[in-house]
J.: 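Before we start, here is the structure in question, set down as structure tokens.
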Amino acid sequence: MYRVLREIRFCYGHRLLGHTGKCRHLHGHSARAVIVLEARALDRLGMVVDFADVKRVVGGWIDATLDHRMILHKDDPIAAYLLEQGEPVHVLDVNPTAENLARAIYDFTASRGLPVVEVRLWETDDNCASYTGPGGERG
């Protein structure tokens, strides 16, 4: 089995509804998303996938959707206000935890036909969440 990893860095803000600690307040992170791709065989060029394709497809989506955005739960009362003010907001159906952001990146990557098996999201140097998708791994 062959594996490659592509790291994509971005910044975002969020807060967690229902949280009792500091994360209930608006705050930001400098994140690192690590996209793990896997294949049983290499393509005609000897690659699992071209790193440039991952950067273009996944990095482009992260740049347009998550980077320098306030990522909020759809029920967060500040979301509507920020949108009215023209602020860059991305709304989720779930709390914007590192776990849920890792899954969102995984789901987007998989939807583009890339052989993703895991996404790790480092929201700080010390805290990382990962999502491996249904079934754990792909072939």
J.: Holding to side-chain hydrogen bond (donor to acceptor under 3.5 Å, both in side chains), I want the full list of residues that pass it with D76, two or more places apart in sequence or in another chain.
T.: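 Counting only residues at least two positions away or on another chain, D76 forms a side-chain hydrogen bond (donor to acceptor under 3.5 Å, both in side chains) with R15.
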J.: Supply the atom-to-atom distance E38 CD to L5 CG, rounded to the nearest 0.5 angstrom.
T.: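 Result: 10.5 Å between the selected atoms.
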J.: Measure the spacing between CZ of F51 and CG of L37 and express it to the nearest 0.5 Å.
T.: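 F51 CZ to L37 CG: 8.5 Å, rounded to 0.5 Å.
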J.: Go through the structure and list residues passing side chain to side chain contact (heavy atoms under 4.5 Å, CB included) with A129, not counting sequence neighbours.
T.: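 For A129, the residues satisfying side chain to side chain contact (heavy atoms under 4.5 Å, CB included) (neighbours in sequence not counted) are A98, E99.
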J.: According to salt bridge (charged side-chain N to carboxylate O under 4.0 Å, His left out), who are the partners of E87, at least two apart in sequence or on a separate chain?
T.: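 Testing E87 for salt bridge (charged side-chain N to carboxylate O under 4.0 Å, His left out), a comparison that skips the adjacent residues, returns none.
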J.: Is there a path from I62 to V54 through hydrophobic residues (I, L, V, M, F, W, Y) whose side chains come within less than 4.5 Å of each other?
T.: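 Shared cluster, yes.
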J.: A side-chain contact here means heavy atoms from C-beta on lying under 4.5 Å apart; do V48 and P115 qualify?
T.: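 They are in side-chain contact.
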J.: Can you list the residues that meet the side-chain hydrogen bond (donor to acceptor under 3.5 Å, both in side chains) rule with S30, with sequence neighbours excluded?
T.: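 Result, side-chain hydrogen bond (donor to acceptor under 3.5 Å, both in side chains) vs S30: none returned.
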J.: side-chain hydrogen bond (donor to acceptor under 3.5 Å, both in side chains): which pairs involve residues 45-64, sequence neighbours left out?
T.: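 Those involving residues 45-64 are D53-R56, W61-T65.
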J.: To the nearest 0.5 Å, how far apart are CH2 in W122 and CZ in R32?
T.: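 The CZ atom of R32 is 6.0 Å from CH2 of W122, to the nearest 0.5 Å.
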J.: Pair V34, V119 - check side-chain contact (heavy atoms from CB on, under 4.5 Å), show working.
T.: CA-CA 6 Å; V34 178; V119 171; over 6 Å; no
J.: Between N95 (side chain only) and L17 (backbone N and O only), is there a donor and an acceptor less than 3.5 Å apart?
T.: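 At least one qualifying donor-acceptor pair exists.
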J.: The criterion is side chain to side chain contact (heavy atoms under 4.5 Å, CB included); which residues satisfy it with D93, sequence neighbours excluded?
T.: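 D93 satisfies side chain to side chain contact (heavy atoms under 4.5 Å, CB included) with K74 only.
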J.: Within the 4.5 Å heavy-atom criterion, are Y12 and L101 side-chain neighbours or not?
T.: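 With C-beta onward as the side chain, the pair touches.
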J.: Using the side-chain contact (heavy atoms from CB on, under 4.5 Å) rule, take V36 and V116 through it: C-alpha gap first, then chi angles, then the decisive distance, then the call.
T.: CA-CA 6 Å; V36 182; V116 60; 5.9 Å; no
J.: Can you list the residues that meet the salt bridge (charged side-chain N to carboxylate O under 4.0 Å, His left out) rule with R120, with sequence neighbours excluded?
T.: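 Testing R120 for salt bridge (charged side-chain N to carboxylate O under 4.0 Å, His left out), a comparison that skips the adjacent residues, returns E118.
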J.: Measuring from D107:CG to Y131:OH, what's the distance to the nearest 0.5 Å?
T.: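 With rounding to 0.5 Å, CG (D107) is 6.0 Å from OH (Y131).
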J.: Heavy-atom distance under 4.5 Å between the side chains of T132 and V117, does that happen here?
T.: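 They are not in side-chain contact.
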J.: Using the test side chain to side chain contact (heavy atoms under 4.5 Å, CB included), find all partners of R112 that sit at least two apart in sequence or belong to another chain.
T.: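 Residues passing side chain to side chain contact (heavy atoms under 4.5 Å, CB included) with R112: V57, F108.
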J.: Let me confirm one number: the OG-CG distance from S130 to L121, rounded to the nearest 0.5 Å.
T.: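 If I round to the nearest 0.5 Å, the distance is 10.0 Å.
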J.: My understanding is that a hydrophobic cluster links ILVMFWY residues whose side chain heavy atoms are under 4.5 Å apart, including indirect links. Using that, what else belongs to the cluster containing L83?
T.: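 Hydrophobic cluster check, L83: joined to L26, M70, L72, I78, Y81, L82, V89, V91.
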J.: Considering residues at least two apart in sequence or located in another chain, which fulfil the salt bridge (charged side-chain N to carboxylate O under 4.0 Å, His left out) criterion with D67?
T.: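 In terms of salt bridge (charged side-chain N to carboxylate O under 4.0 Å, His left out), with neighbours along the sequence ignored, D67 is linked to no residue.
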J.: Find out whether L66 and I105 are in side-chain contact, i.e. whether some heavy atom of one side chain is under 4.5 Å from a heavy atom of the other.
T.: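 Counting from C-beta outward, L66 and I105 do come under 4.5 Å.
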J.: Above 12 or not: heavy atoms from other molecules or residues under 6.0 Å from CG of D125?
T.: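 No - once you tally the heavy atoms of other residues, nucleotides and ligands closer than 6.0 Å, there are 12 at most.
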J.: Not counting sequence neighbours, which residues clear side-chain hydrogen bond (donor to acceptor under 3.5 Å, both in side chains) with H29? List them please.
T.: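 For H29 the side-chain hydrogen bond (donor to acceptor under 3.5 Å, both in side chains) partners, ignoring immediate neighbours, are H14, H27.
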J.: Apply salt bridge (charged side-chain N to carboxylate O under 4.0 Å, His left out) to R24 and list each qualifying residue two or more places apart in sequence or on a separate chain.
T.: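 R24 satisfies salt bridge (charged side-chain N to carboxylate O under 4.0 Å, His left out) with no other residue.
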